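None of the values given here were measured: they were computed from a predicted structure.
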Amino acid sequence: MAPPEKRRSNQPIFWAAGIVLVIAAVFAIRAMTREVVKVNVAQVSYQTLSSSVPTNGKVEPVEPFQAHATTPGVLEKIYVSEGDHVVPGQLLLRMDDADIRARLATAQASLSQAELQLSDIEHGGSSEERGNFSSNTNSAKLEQESAAQNLASLETLQQKGAASASEVTAAKQRLNSAEVALGNANTHSAQRYGSSDKANAQARVAEARAAVNAANAALAAADIRSPYEGTVYYIPYSQYEFVPAGEDMMDIADLNKLLVRAYFDEPDIGRLKDGQPVTITWDAKPGKVWHGHMSHAPNTVITYGGTRNVGEGIISVDDARGDLTPNSNVLVRVTEEQRSNVLSIPREALHTDGSKNYVYKIVDGKLQQTPIQIGSLVTNTNVEIVGGLRPNDTVVLGPATAGTELFNGLAVKPVKPAKPVK
């Protein structure tokens, strides 16, 4: 039998060994009784992946026609309604032309008066004035001829001593006065109007003729006809309503030829190029999808809405059939890149730690943290895998129960059999 002192010295060792055994037993029991964590899983598989650039845009006609009011006036008659199909030359609407006709009459009267004034200047005056000029010239000529004959007679008589020198002098003065009067009459008749008078008259004629042409054009524009075949899609004014000059009264377009003016955020501009396929959706028609292509990729940056720096791109709509309305706000998605047979996983399975990417792969019922290398194709739902995984590997998307922590070596059970995610 061991001495009491020795038994007392071994007691701490026995107690420590007992504690260790109890702890080991507890962990062993917990390990045997712990419930296996359920996880959602997916298989690594080959997919067709595409990366895209989404944004908003507005639908526009390729060749729109807008009927503008050339002058202010009342919309007298509208012959078509929104949605009507029209053909070239079809009468669309008529403006009240009473004021236009009054302006045309005034312009024509001004033109006639200006042309008459120009004619008078070119011919040296009116017919009445020319008659007066001719009569005055003839009278002056007769006086000059009479004065000349009288002077000749007196000079002959003076030589015979039958006329005095004073009489001859008076006859000469009379002849001088008659010649001056005749010269003045001829000058007044030939040079009444100068070159500046004619230029001014020609300018007045041109101005009056322009006013007549403008009034005729306005009169012709009172009846507005369709220039080509299309559909009426916008009528902002009602019949008998006053329309200011220059206002748009009706819009027509071929609704089979549409484009979308789209606005892409600045970081996405470098990913866009001509010819890329585009899908178009409109909230007004849920489930309907139109297709198109990028016809003009953005090449400059503008400010849109006061807050966004965007590039403006033009998208041609390839399958519009009159079922997409101009001025509609739509959503577009440009396919930047698309490849088939790409090894991929769902984005939920990807974990990132700094610059390292990894997944939790299930191996023998436990989680195995596996480093991976991802490719250039990363979509909203899938990630391209270029290293670290093989087809049909099972990866974990996340725990079936929220709040459960995943870690390397954790025993897990898939909620359902792993299937390729499409």
Side-chain angles (χ1 to χ4, degrees), residues 55-104 214-263 280-286 288 290 292 295-296 302-308 310 312-317 319-332:
T55 191
N56 63 299
K58 177 167 285 191
V59 179
E60 298 180 7
V62 174
E63 296 180 353
F65 168 70
Q66 292 184 327
H68 291 281
T70 56
T71 59
V74 174
L75 186 52
E76 183 177 289
K77 183 70 175 178
I78 301 176
Y79 296 95
V80 294
S81 302
E82 288 187 5
D84 284 356
H85 185 81
V86 296
V87 296
Q90 181 173 340
L91 185 60
L92 304 174
L93 50 83
R94 172 176 292 158
M95 297 292 292
D96 182 2
D97 59 5
D99 180 65
I100 300 175
R101 291 184 182 280
R103 287 193 289 112
L104 175 60
N216 277 321
L219 185 62
D223 287 343
I224 298 179
R225 300 177 182 273
S226 177
Y228 50 69
E229 185 175 3
T231 300
V232 178
Y233 67 89
Y234 183 55
I235 305 177
Y237 285 93
S238 302
Q239 195 162 287
Y240 307 124
E241 192 172 357
F242 178 81
V243 182
E247 286 295 301
D248 178 17
M249 298 182 291
M250 183 178 295
D251 291 353
I252 296 174
D254 183 348
L255 299 188
N256 295 330
K257 298 178 181 178
L258 300 175
L259 60 85
V260 175
R261 195 175 301 275
Y263 304 95
I280 304 161
T281 57
W282 184 24
D283 288 344
K285 293 186 177 181
K288 175 71 175 177
W290 293 265
S295 58
H296 298 287
I302 62 173
T303 300
Y304 177 73
T307 57
R308 290 175 61 191
V310 301
E312 185 179 274
I314 303 299
I315 296 168
S316 295
V317 183
D319 54 2
R321 296 295 180 268
D323 50 0
L324 191 58
T325 304
N327 299 322
S328 300
N329 294 304
V330 296
L331 298 177
V332 301

Kindly say whether I78 contributes a backbone atom to a donor-acceptor pair with the side chain of Q239 at under 3.5 angstrom? yes

Where do P61 and L259 come nearest, in terms of heavy atoms and distance? O-CD2, 4.2 Å

Test your reading of the model: is there a side-chain donor-acceptor pair from E82 to the backbone of I235, 3.5 Å cut-off? yes

Salt-bridge test for K285 and D323: reply yes if a basic N is under 4.0 Å from a carboxylate O, no otherwise. no

Please say whether more than 12 non-hydrogen atoms of neighbouring residues, nucleotides or ligands are located less than 6.0 Å from NE2 in H85. yes

Which heavy atom of N256 sits nearest a heavy atom of G322, and at what distance? OD1-N, 3.3 Å

When rounded to the nearest 0.5 angstrom, what is the spacing between OG1 in T231 and CG in D254? 7.0 Å

Show your working on side chain to side chain contact (heavy atoms under 4.5 Å, CB included) between I302 and V310 and close with a plain yes or no. CA-CA 5 Å; I302 62 173; V310 301; 3.8 Å; yes

For side chain to side chain contact (heavy atoms under 4.5 Å, CB included), just list the numbers for F65 and L92, CA-CA rounded to whole Å, side-chain angles, deciding distance to a tenth of an Å, and then say yes or no. CA-CA 12 Å; F65 168 70; L92 304 174; 4.1 Å; yes

Exactly one candidate in L75, D223, V74 meets side-chain contact (heavy atoms from CB on, under 4.5 Å) with M95; the answer is L75

Just so I know, are the side chains of E229 and P88 near enough to count as touching, which here means a heavy-atom distance under 4.5 Å? yes

Point-to-point distance, once rounded to the nearest 0.5 Å, from CZ of R94 to CZ of R225: 8.0 Å

D319: which residues meet the salt bridge (charged side-chain N to carboxylate O under 4.0 Å, His left out) condition with it, sequence neighbours left out? none

Pairwise distance NE2(H296) to OG(S316) - rounded to 0.5 angstrom: 7.0 Å

Residue pairs meeting ring pair (Phe, Tyr, Trp, His ring centres under 6.0 Å), one or both in residues 217-242, sequence neighbours left out, come to none

Measure from the side-chain N and O atoms of N327 to the backbone N and O of K58, and report whether any donor-acceptor pair falls under 3.5 Å. no

Result of checking L331, I315, I314, N56 against V260 for side-chain contact (heavy atoms from CB on, under 4.5 Å): I315

Tightest non-hydrogen contact, residues L91 and V80, listed as O-CG1, 4.4 Å

Side-chain donor or acceptor of Q90 paired with backbone N/O of V87 under 3.5 Å: yes

Which pair of non-hydrogen atoms, one from P236 and one from M249, has the smallest distance, and what is that distance? CD-O, 3.2 Å

Listed by chain and number, what are the salt bridge (charged side-chain N to carboxylate O under 4.0 Å, His left out) partners of R308, not counting sequence neighbours? D265

Which pair of heavy atoms, one from L324 and one from L258, lies closest together, and at what distance? O-CD1, 3.3 Å

Non-hydrogen atoms of W290 and A320 that approach each other most closely: CD1-CA, 4.4 Å

Atom CG of L93 and atom CE of M250: how far apart are they, to the nearest 0.5 Å? 4.5 Å

